[in-house]
Amino acid sequence: MRRPLVAGNWKMNGDSKSTVNLVNGIANGRAEVINAEVLICPPYILIPRAADTLNGRDDVFLGAQDLDINESGAFTGQISASMLVDAGCKYVLVGHSERRALYGESDQDVAAKFDAAQKGALIPVLCVGETLAERESGDTETVVARQLQAIIDLVGAEKLADSVIAYEPVWAIGTGVTASPEQAQDVHKFIRDMLAVLSTDLAENMQILYGGSMNPGNASALIGMQDIDGGLIGGASLQAESFLAICKSAN
Ligand code: PEP
């Protein structure tokens, strides 16, 4: 039985004070979230502040938004998996569309990060999804399959078992436009069917999250779909109230 996971991607937002407030707000409302696992991904520099605020409680997981593929050394400005684990992280996002589009990360770069995350004992949350132009030209499945195949080619299908997949149509991220539950379900099913060819257990157990303008008003309908196992939330994860409302919609 798959447990829903609701993950907040804070992106480049917040400071020490807002982090303490937001983490306390989420922690205070956590008991009302019955079903979902809860994950927050603050900016690197705020992760220790979030960890201190959580003060050892393990019902709100910590994650990062990116990592470097190297373990240590002369890589100015970069952060490794072991540093993230040391700071209290359990998860890390890889291949977010903003990393792909703004920082030129290729499918192979993302696969290398996926591999580095797992080798460093982090659970990668692999983001996949098509642009508007790709959807309009009927290439959604081709793009998603290509992004997933790059991971399989590098690490092997069995390693996917220790990861989470987030389907995030790029045209829905930060735009206020959400994929309809049916549109999202179609792609989630496509991903699960692709995994089923590799292993029925893998397909059955994989948490596949939806991301793209999910909010308290649309979360229940999306998470209610058969192959949608939670959400990766951007804007609505910056307020405890809206983030918790989304978490509770999986109750
Ligand atoms: C995201 O960036 O992962 C995301 C889903 O953002 P938003 O919820 O703001 O669309």
Side-chain angles (χ1 to χ4, degrees), residues 4-14 18 22 25-26 36-44 46-47 50 61-67 89 91-105 110 113-114 117 122-132 134-135 140 143-144 147-148 163-181 183-185 187-188 191 207-225 227-250:
L5 170 67
V6 179
N9 174 11
W10 295 7
K11 309 194 184 186
M12 197 173 71
N13 292 295
S18 67
L22 181 48
I26 293 167
E37 298 178 316
V38 177
L39 165 66
I40 53 172
C41 301
Y44 288 135
L46 298 174
I47 291 169
F61 300 136
L62 271 175
Q65 300 168 20
D66 188 27
L67 82 168
C89 290
Y91 290 85
V92 63
L93 309 183
V94 297
H96 190 280
S97 63
E98 287 155 14
R99 301 284 330 160
R100 293 179 192 261
L102 302 175
Y103 304 100
E105 291 187 10
V110 174
K113 289 188 173 193
F114 184 102
L122 288 166
I123 301 170
V125 179
L126 169 69
C127 304
V128 297
E130 82 287 2
T131 62
L132 185 57
E134 288 164 341
R135 171 161 285 261
T140 298
V143 169
V144 169
Q147 291 172 334
L148 206 49
S163 73
V164 174
I165 295 173
Y167 168 59
E168 298 210 302
V170 179
W171 46 273
I173 294 179
T175 57
V177 179
T178 317
S180 70
Q183 281 175 318
Q185 164 61 24
V187 183
H188 282 236
I191 294 170
Q207 287 170 312
I208 308 178
L209 317 183
Y210 168 79
S213 300
M214 196 187 262
N215 61 47
N218 59 31
S220 299
L222 285 158
I223 296 177
M225 301 307 279
D227 289 296
I228 301 183
D229 308 312
L232 178 54
I233 322 299
S237 72
L238 296 174
Q239 303 291 334
E241 202 185 2
S242 49
F243 185 60
L244 285 166
I246 295 171
C247 295
K248 282 188 249 179
S249 66

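All residue numbers in this chain count up from 1 along the given sequence. Atoms within a ligand are numbered from 1 in the order they appear, just like the ligands themselves.
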Task: Sub-4.0 Å atoms of ligand 1 with respect to non-hydrogen atoms of Gly212 - done: 5 (C), 10 (O)
Task: Sub-4.0 Å atoms of ligand 1 with respect to non-hydrogen atoms of His96 - done: 1 (C), 2 (O), 3 (O)
Open item on the list: Give me the residue, atom name and distance of the protein heavy atom closest to atom 3 (O) of ligand 1.
Closed with: Glu168 OE2, 2.8 Å
- [ ] For Ala172, counting its heavy atoms only, list the atoms of ligand 1 lying under 4.0 Å from any of them.
- [x] 10 (O)
Open item on the list: Students should be able to answer this: which protein heavy-atom is nearest to atom 4 (C) of ligand 1, and at what distance?
Closed with: Gly234 N, 3.6 Å
Open item on the list: Side chains of His188 and Met225, heavy atoms from C-beta outward: is any pair under 4.5 Å?
Closed with: no
Open item on the list: Test your reading of the model: is there a side-chain donor-acceptor pair from Gln147 to the backbone of Gly129, 3.5 Å cut-off?
Closed with: yes
Open item on the list: Only heavy atoms of Gly174, strictly under 4.0 Å: list the atoms of ligand 1 that pass.
Closed with: 7 (P), 9 (O), 10 (O)
Task: Per-residue contact class, Ile173 against ligand 1 - non-hydrogen pairs under 4.0 Å - done: both
Open item on the list: Less than 4.5 Å apart, side chain to side chain, heavy atoms only: is that true for Thr178 and Tyr210?
Closed with: yes
TODO: Flag the pair Tyr44 / Met12 as yes when at least one side-chain heavy-atom distance between them is below 4.5 Å, and no otherwise.
DONE: no
Task: Interfacing atoms of ligand 1 (cut-off 4.0 Å, heavy-atom, Asn9) - done: 2 (O), 3 (O)
Open item on the list: Regarding atom 2 (O) of ligand 1: of the candidates Gln65, Lys11, Met214, which has the closest heavy atom?
Closed with: Lys11
Task: Minimum side-chain heavy-atom gap Phe243-Leu22 below 4.5 Å - done: no
Open item on the list: Under 4.0 Å from a heavy atom of Ser213: which atoms of ligand 1 are those, numbered in the order shown and with their elements?
Closed with: 7 (P), 8 (O), 10 (O)
Task: pair Leu232-Leu93: side-chain heavy atoms closer than 4.5 Å - done: yes
Open item on the list: Checking Gln207 against Glu37: is there a side-chain donor and acceptor pair closer than 3.5 Å?
Closed with: yes
- [ ] Using a strict 4.0 Å cut-off to heavy atoms of Gly235, name the atoms of ligand 1 that fall inside it.
- [x] 7 (P), 8 (O), 9 (O)
Task: Close side-chain approach of Val6 and Val38, heavy atoms under 4.5 Å - done: no
